[in-house]
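Below: one structure, written as C-alpha cells.
Protein chains get the first letters and strands the later ones, always in sequence-line order, with residue 1 at the start of each.
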Protein chains: 2
Amino acid sequence: MDFERADALNQAIRLLSLRHRARAAALLAPLGLHPGQEALLLELDRTGPMIQAQLSEALGCEPPSVTLMTRKLEASGHIRRKPAPSDKRASIVELTDSGKALADQVKGLWCALAEETVTGLPAETVAELPGILNTLTGNVDTRRPRHPQGHRDDG
Amino acid sequence: MDFERADALNQAIRLLSLRHRARAAALLAPLGLHPGQEALLLELDRTGPMIQAQLSEALGCEPPSVTLMTRKLEASGHIRRKPAPSDKRASIVELTDSGKALADQVKGLWCALAEETVTGLPAETVAELPGILNTLTGNVDTRRPRHPQGHRDDG
DNA sequence: ACAGATTGGTTATGCGCATAACATTATCCG
DNA sequence: CGGATAATGTTATGCGCATAACCAATCTGT
C-alpha cells in the first residue's frame, strides 16, 4: 500500500480515537466519570460480579490498569471489592447500588453518543460498522490468539 | 438506537483505539518512539517547519500536549525549535536530519500497519474506510466548527 | 497611544494506558 | 509431598492526552 493511503487510514483511526474519547469525556464528566471507567461499569452491569483478571480480559487493558481504575471507582463508591472465597489471590469486583444507577445513566449517554457518531451515514453502512471495526481490531490484536484464517506467512 | 447496538459500536471504537495504538507502539518501539510522536514527525515531514499552534491543530491535540511531545522529541534530537522571527511568542518546530531519517522509517512501518489492519476486508470497503472514519470523527468533533445542518436546541 | 481581548506557549496536575519488577497464592508434576 | 511453574494482583514509573491557571506578546478598538 502506498504511504498516502496508509497514512490516511492510520491517521483516521488515531483521530477517531481522540475525538470519540473526547466526546465521551464531555458526556461522562457530569456523572463524575472519566472515559474508560464507563466500560468497566458497563461490563460489570452486563456480566455481573467478576475478578479483576476477567475485567482485564473483557476491557482489553492490562492488570495494572484495572488495579488503578477499580481503586478509583471504589473510592468514589461505585464498585466494591471482596475477597474471592476459593482463591486468596483474587478480588471479586461488583457494582454498588450507586454504581448500578450510574451504569443506567451511562447507557443513555452511550446510545446518544452512538447515534451522534453515525449521523449522516447510510443505514447499511451503520449496520456493517461494528463488524468492520472488529475485523480491524482483530487484525492488530496482539493479545488474543490470532485465529488462523487461510492467510499465512506474516513476518 | 437500542443500547446493544450503541454499545457494540462504542465498544468497537474503544477497542480499535486500544489495539491499534498498542500495535503501533510495538512497531515504533524499536525506533525509540512512543505512539503519538510518529504523528508529529510525519506532520513536520509532510508540511515542513511550523509553529506549535499549527501542530496542535494538525495533530488534533491540545497545546500543552504539544509542549510536552516536542520537548521529548527535541531531547532525543529528532526535532529542533527556533524562535519565530515575526512573533516573539511562537516557536518554529522543524525536523533535524535524524528526525527526517526517522520519519522515513516510520513511513515504512505505517504502510505495513495499514495493510495489516485491513487484512481480510474487501477492497471496496478498504477504499471507503478513511472516508467513513472521517465522517465518524467529524460527527463527534467538538474542536472544529460543526457544520450547520438544520438547527436544533442543544441543551 | 493605551486598555482589553486574543493568541502562543508553559507549568501543574490528573487520568487511562503501558511495561517491568515483585509478592502471594494455585496448580502441576515428578 | 515438594519444588517448579503459572496465575492474580500490586507498586513504580513513564508516556499521551486533557483541563486549569498563568505569563508574554500581539492585535483591536476607541
Side-chain angles (χ1 to χ4, degrees), chain A residues 14-41 50-57 59-76 81-93 142-143, chain B residues 14-41 50-76 81-93 141-143:
Chain A
R14 192 190 111 92
L15 270 191
L16 175 59
S17 304
L18 281 177
R19 297 293 118 228
H20 188 263
R21 186 183 185 84
R23 186 72 185 118
L27 292 172
L28 293 170
L31 304 185
L33 288 178
H34 294 270
Q37 299 182 328
E38 88 290 340
L40 203 158
L41 295 182
M50 56 205 298
I51 69 172
Q52 294 184 199
Q54 292 172 306
L55 268 176
S56 168
E57 177 65 21
L59 300 182
C61 58
E62 299 297 319
S65 304
V66 175
T67 293
L68 299 179
M69 290 168 70
T70 53
R71 182 174 301 165
K72 278 156 195 163
L73 284 170
E74 186 180 28
S76 47
R81 285 147 126 182
K82 54 184 188 184
S86 59
D87 190 334
K88 289 184 184 295
R89 299 167 301 177
S91 294
I92 294 179
V93 181
T142 52
R143 286 166 59 99
Chain B
R14 192 190 111 92
L15 270 190
L16 175 58
S17 304
L18 281 178
R19 298 292 118 231
H20 188 263
R21 186 184 184 83
R23 186 71 185 119
L27 291 172
L28 293 169
L31 304 184
L33 288 178
H34 294 270
Q37 299 182 328
E38 88 290 339
L40 203 157
L41 294 182
M50 56 206 296
I51 69 173
Q52 293 183 201
Q54 292 172 307
L55 268 176
S56 169
E57 177 65 21
L59 300 182
C61 58
E62 299 298 318
S65 304
V66 175
T67 294
L68 299 180
M69 289 168 70
T70 53
R71 182 175 300 164
K72 277 155 194 165
L73 284 170
E74 185 180 28
S76 45
R81 286 147 126 180
K82 54 185 187 185
S86 59
D87 191 333
K88 288 184 185 298
R89 298 167 301 178
S91 294
I92 294 178
V93 181
D141 195 344
T142 52
R143 286 167 60 100

Inset, instruction - Note down the inter-axis angle between the two ends of the helix from dA1(C)-dT30(D) to dG30(C)-dC1(D), five pairs each, to the nearest 10°. - result: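 That helix gives 20° between its end axes.
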Is any side-chain heavy atom of [X] less than 4.5 Å from a side-chain heavy atom of [Y]?
X	Y	result
Arg143(B)	Glu57(B)	yes
Leu41(B)	Leu33(B)	yes
His20(B)	Leu16(B)	yes

Legend entry - Minimal non-hydrogen separation, Pro85(A) against Ile92(A), with atom names: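 The answer is CD-CD1, 3.9 Å.
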Taking [X] for the side chain and [Y] for the main chain, is one N or O donor matched with an acceptor at less than 3.5 Å?
X	Y	result
Gln37(B)	Pro35(B)	no
Ser91(A)	Pro83(A)	no
Glu38(A)	Gly36(A)	yes

Is the phosphate of [N] approached by [X] (side-chain N or O, under 4.0 Å from OP1 or OP2)?
X	N	value
Arg19(A)	dA18(D)	yes
Gln54(B)	dG8(C)	no
Arg81(A)	dT8(D)	no

Whole-Å distance between [N] [atom2] and [X] [atom1]?
X	N	atom1	atom2	value
Gln37(B)	dG16(D)	CD	C1'	9 Å
Leu15(A)	dG16(D)	CG	P	16 Å
Ile51(A)	dA26(C)	CD1	C1'	12 Å
Gln52(A)	dG9(D)	CD	C1'	6 Å
Leu68(A)	dG9(D)	CG	P	14 Å
Met69(A)	dT10(D)	CE	P	14 Å
His34(A)	dG14(C)	NE2	P	11 Å
Glu74(A)	dG9(D)	CD	P	13 Å

Legend entry - Arg89(A): partners by salt bridge (Lys or Arg N to Asp or Glu O under 4.0 Å), with sequence neighbours left out: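 In terms of salt bridge (Lys or Arg N to Asp or Glu O under 4.0 Å), with neighbours along the sequence ignored, Arg89(A) is linked to Asp87(A).
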Inset, instruction - Could you pull out all residues at least two apart from Lys82(A) that satisfy salt bridge (Lys or Arg N to Asp or Glu O under 4.0 Å)? - result: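 Here the qualifying residues are Glu94(A).
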Legend entry - Residue-level proximity of residues 57-64 of chain B to DNA chain D when a heavy atom falls under 4.0 Å: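 Within this stretch, Gly60(B), Cys61(B), Glu62(B), Pro64(B) sit under 4.0 Å of the strand.
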Inset, instruction - Between Thr67(B) and Gly36(A), name the one whose nearest nucleotide on DNA chain C is closer to the 5' end. - result: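 Result: Thr67(B).
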Inset, instruction - Determine, step by step, whether Gln54(B) and Ile51(B) satisfy the side-chain contact (heavy atoms from CB on, under 4.5 Å) criterion, reporting the C-alpha distance in whole Å, the side-chain angles of both residues, the deciding distance to 0.1 Å, and the verdict. - result: CA-CA 6 Å; Gln54(B) 292 172 307; Ile51(B) 69 173; 3.6 Å; yes
Legend entry - side chain to side chain contact (heavy atoms under 4.5 Å, CB included) involving Leu15(B) - partner list, sequence neighbours excluded: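 Testing Leu15(B) for side chain to side chain contact (heavy atoms under 4.5 Å, CB included), a comparison that skips the adjacent residues, returns Thr137(A), Leu18(B).
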Could you work out which one of [options] sits closest to the side chain of [X]?
X	options	result
Ala53(B)	dG8(C), dG9(D), dA18(D)	dG8(C)
Lys72(A)	dG9(D), dC17(C), dC15(C)	dC15(C)
Ser65(A)	dC17(C), dG9(D), dG8(C)	dC17(C)

Inset, instruction - Indicate, with a heavy-atom threshold strictly under 4.0 Å, whether Ser56(A) touches base, sugar-phosphate, or nothing. - result: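 No contact.
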Are any protein N/O atoms closer than 3.5 Å to N/O atoms in nucleotides 22-25 of chain C? If there are, list each pair with its distance.
from	atom 1	to	atom 2	distance (Å)
dT25(C)	O2	Arg89(A)	NH1	3.1

Inset, instruction - Would you mind telling me which residue lines up with the more 5' stretch of DNA chain D, Val66(A) or Arg14(A), judged by nearest nucleotide? - result: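 Its nucleotide being nearer the 5' end, the pick is Val66(A).
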Inset, instruction - Determine whether the side chains of Ser17(B) and Arg21(A) contain a donor N or O and an acceptor N or O closer than 3.5 Å. - result: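 Short answer, no.
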